[in-house]
Amino acid sequence: MPELPEVETICRALRNGGRDAPAILNWQIEKAEVFWPKTLAEPDKQEFLQQVAGQSVLNVQRRAKFIVIQLTDDFLVVHLRMSGDLRVEPNTKDLQKHDHLVIWFQNGFHMAFNDPRKFGRVWFRKDVEGLFARLGPEPLELQSSENFFNCLLQRRRQLKPLLMDQNFLAGMGNIYTDEALHIAGLHPLMNSSDLTQKEAQKLLYAIQDVLSTGIQRNGASIDWFYRGGSFQNEFRVYGRSGQPCPICGTFIEKIVVGQRGTHYCPVCQPTSRSSQTTEKKG
DNA sequence: CTGGCTCCCTGAATGC
DNA sequence: TGCATTCAGGGAGCCA
């Protein structure tokens, strides 16, 4: 579920209101509860509960896959990891299984952090700089592919793990990386230092294309998680192993790269770099 | 710097 | 067919 477009969608819903929940801006916190201690990365539970009460929500923004909720005196930062979700509901609705941290507002609503796999984390801090210090650039904010190209050359890594490395580029996950590599016509195992400048440009465009389309579609909804997005209907390769490539009809293949399931078209994304590949006619 | 393991739980897939 | 077991899954910190 939560890669950059899904997190962006959640942030916009919290800031501007979503289809099933109002915006939380200016809401004042009555109290908080923590049911699974490890959810709270920092500070310790007692300090958090004491400090967060009474603060109001000033703004909600996204950085990489982090949800940054600016409160009166502190930042509440949420990372959903694999299976996390945030629900804003009136207090007439019951809490659910796997709700690990709940913010109760003065106005009769609450925000629940739900996460079956318990990988997600919440930080409560005075600043966010320390938390984000090592993050790579926002892919949608990259203007020129020249710098991107140089960075790819400097790192001699397999393309897919590199693109998913948050310290290289911040926000890509498994789904959007597979999709972007297919659009760019690049094999996930290709070494980043073997890219031509033209391929690097194509890759950056593909990344920005797939992310902005994902945001337009309110993200992708998979299985029972993250209702509301529709980008899953436009997947070219992700989750489509054995089905035909939308470009050439070849069956999509699935391999494991860096412990992650990886989907690609063996024809559109050739392993070896034959210099005159698909560049002929489009 | 890189690759592998680990944190957890769930539903689907597999095995007998 | 039915029950039990295994495995894969949106992520990333930590370790060697």
Side-chain angles (χ1 to χ4, degrees), chain A residues 1-11 34-42 62-67 77-86 96-101 113-123 130-136 139 151-181 188-193 207 210-211 214-215 217-242 253-263:
Chain A
M1 166 184 60
E3 300 180 34
L4 188 153
E6 289 76 28
V7 176
E8 175 67 23
T9 301
I10 291 168
C11 285
V34 178
F35 302 113
W36 177 258
K38 291 178 80 172
T39 293
L40 190 60
E42 64 173 307
R62 179 190 61 77
R63 171 72 170 108
K65 301 174 194 170
F66 292 88
I67 299 164
V77 182
V78 179
H79 197 305
L80 302 171
R81 291 282 177 90
M82 293 279 260
S83 57
D85 192 15
L86 278 182
Q96 296 182 13
K97 192 177 181 183
H98 308 303
D99 281 348
H100 303 312
L101 188 149
F113 173 76
N114 185 285
D115 185 11
R117 290 178 72 177
K118 295 181 176 172
F119 290 168
R121 291 291 180 267
V122 175
W123 294 259
L131 203 53
F132 299 160
R134 301 189 56 192
L135 285 176
C151 292
L152 285 164
L153 289 190
Q154 284 167 19
R155 312 291 293 271
R156 294 175 188 167
R157 291 180 66 185
Q158 297 172 335
L159 264 188
K160 172 157 177 176
L162 180 58
L163 293 178
M164 289 181 63
D165 183 340
Q166 300 300 299
N167 298 327
F168 178 76
L169 190 65
M172 297 291 283
N174 205 37
I175 294 178
Y176 290 89
T177 301
D178 280 5
E179 294 296 307
L181 286 171
L189 289 175
M190 185 177 172
N191 195 295
S192 62
S193 60
I207 289 169
V210 79
L211 289 178
I215 291 172
R217 303 292 185 272
N218 296 315
S221 302
I222 297 190
D223 299 338
W224 58 98
F225 289 125
Y226 191 72
R227 314 140 302 276
S230 66
F231 189 58
Q232 70 278 7
N233 300 322
E234 298 172 43
F235 287 168
R236 296 156 156 254
V237 290
Y238 183 83
R240 296 191 64 250
S241 55
E253 290 186 6
K254 182 177 178 184
I255 58 176
V256 175
V257 180
Q259 294 86 240
R260 307 304 297 275
T262 298
H263 317 71

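Below, read A as the first sequence line, B as the second, and so on, with proteins coming before strands; counting in each chain starts at 1.
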**OP:** Give the dot-bracket string for DNA chain C, reading 5' to 3', where a pair is Watson-Crick or G-U wobble with both distances under 3.5 Å, ( ) marks pairs inside the strand, [ ] marks pairs crossing earlier ones, | marks a partner on another strand, and . marks unpaired.
**Re:** .||||||||.||||||
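Relative to the side chain of A/Arg81, the nucleotides C/dG10, B/dC9, C/dA12 differ in distance, and C/dA12 lies closest. Taking every side-chain heavy atom of A/Glu3 into account, C/dG10 is the closest of B/dC8, C/dA8, C/dG10. When distances run from any side-chain atom of A/His79 to the nucleotides C/dG9, B/dT10, C/dA12, the shortest one goes to C/dA12. Listed nucleotides C/dG11, B/dT10, C/dG9 differ in distance to A/Pro116; the shortest reach to its side chain belongs to B/dT10. Ranking B/dT10, C/dG10, C/dG9 by closeness to the A/His98 side chain, first place goes to B/dT10. Checking B/dC8, B/dT10, C/dA8 against every side-chain atom of A/Lys97, the shortest atom distance belongs to B/dT10.
A close approach under 4.0 Å does not occur between any side-chain nitrogen or oxygen of A/Lys65 and OP1 or OP2 of C/dG10. OP1 or OP2 of B/dC9 has at least one side-chain nitrogen or oxygen of A/Lys118 nearer than 4.0 Å. In this structure, A/Lys38 reaches the B/dC8 phosphate: one of its side-chain N or O atoms is under 4.0 Å from OP1 or OP2. Using a 4.0 Å cut-off, no side-chain N or O of A/Tyr176 falls inside it from OP1 or OP2 of C/dG10.
Along DNA chain C, the nucleotide nearest A/Gln166 and the nucleotide nearest A/Arg117 are compared for position; the residue whose nucleotide lies closer to the 5' end is A/Arg117.
Between the CZ atom of A/Phe66 and the P atom of C/dG11 there is a distance of 13 Å, given to the nearest Å. For the pair A/Ile67 CD1 and C/dG10 P, the interatomic distance rounds to 19 Å; values are reported in whole Å. The CE-P distance, from A/Met82 to C/dC7, rounds to 17 Å in whole Å. Distance CG (A/Asp85) to C1' (B/dT10): 15 Å, rounded to an integer number of Å. Between A/Phe168 atom CZ and C/dG11 atom P there is a gap of 17 Å when expressed in whole angstrom units. The nearest whole Å value for the distance from the CG atom in A/Asp115 to the P atom in C/dG11 is 13 Å. Rounding to whole angstrom units, CG of residue A/Leu131 and C1' of C/dG13 are separated by 13 Å. When the P atom of C/dG11 is taken as reference, atom NZ of A/Lys160 falls 9 Å away, rounded to whole Å.
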Mind listing the N/O atom pairs, protein and nucleotides 1-5 of chain B, below 3.5 Å?
| from | atom 1 | to | atom 2 | distance (Å) |
| --- | --- | --- | --- | --- |
| B/dT2 | OP2 | A/Arg155 | NH2 | 3.4 |
| B/dG4 | OP2 | A/Gln259 | OE1 | 3.4 |

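By the 5.5 Å and 30° criteria, A/Phe119 is stacked with the base of C/dG11.
Under the 30°/60° scheme for interplanar angles, the aromatic rings of A/Phe231 and A/Tyr176 are found to lie parallel. Taking the six-membered ring where the residue is Trp, A/Phe132 and A/Phe66 present tilted rings, their angle falling between 30° and 60°.
Between A/Leu181 and A/Thr262, the closest side-chain pair of non-hydrogen atoms is not below 4.5 Å. Here the side chains of A/Leu4 and A/Ile215 are in contact, with some heavy-atom distance below 4.5 Å.
Remark: side-chain polar atoms of A/Gln158 are not paired, donor with acceptor, to backbone N or O of A/Pro188 under 3.5 angstrom. At least one donor-acceptor pair closer than 3.5 Å links the side chain of A/Ser83 to the backbone N or O of A/Arg117. In this structure a side-chain-to-backbone donor-acceptor pair under 3.5 Å is present from A/Asn174 to A/Gly261. Judged purely by atom type and a 3.5 angstrom limit, A/Gln166 has no side-chain atom pairing as donor or acceptor with the backbone of A/Ala64. The backbone N or O of A/Ser221 sits less than 3.5 Å from a side-chain atom of A/Gln232, completing a donor-acceptor pair.
Residues forming a ring-ring contact (aromatic ring centres under 6.0 Å, His included) with A/Phe119 (at least two apart in sequence, or on another chain): none.
Separation of the C1' atoms belonging to C/dG10 and B/dT2 is 23 Å when rounded to the nearest angstrom. B/dT10 and C/dG13 have their C1' atoms separated by 23 Å, with the value rounded to a whole Å. Using atom P as the reference point in both B/dC8 and C/dT5, the two lie 22 Å apart (nearest Å).
The base of C/dG9 lies outside donor-acceptor range of the side chain of A/Arg260, with no N or O pair under 3.5 Å.
In C/dG13 the base sits anti relative to the sugar, since the glycosidic angle is further than 90° from 0.
Classification of A/Arg236 and A/Asp178 as a salt-bridged pair fails, no side-chain N sitting under 4.0 Å from a carboxylate O.
Residue A/Tyr238 is classed as a sugar-phosphate contact, given heavy-atom separations below 4.0 Å to backbone atoms only.
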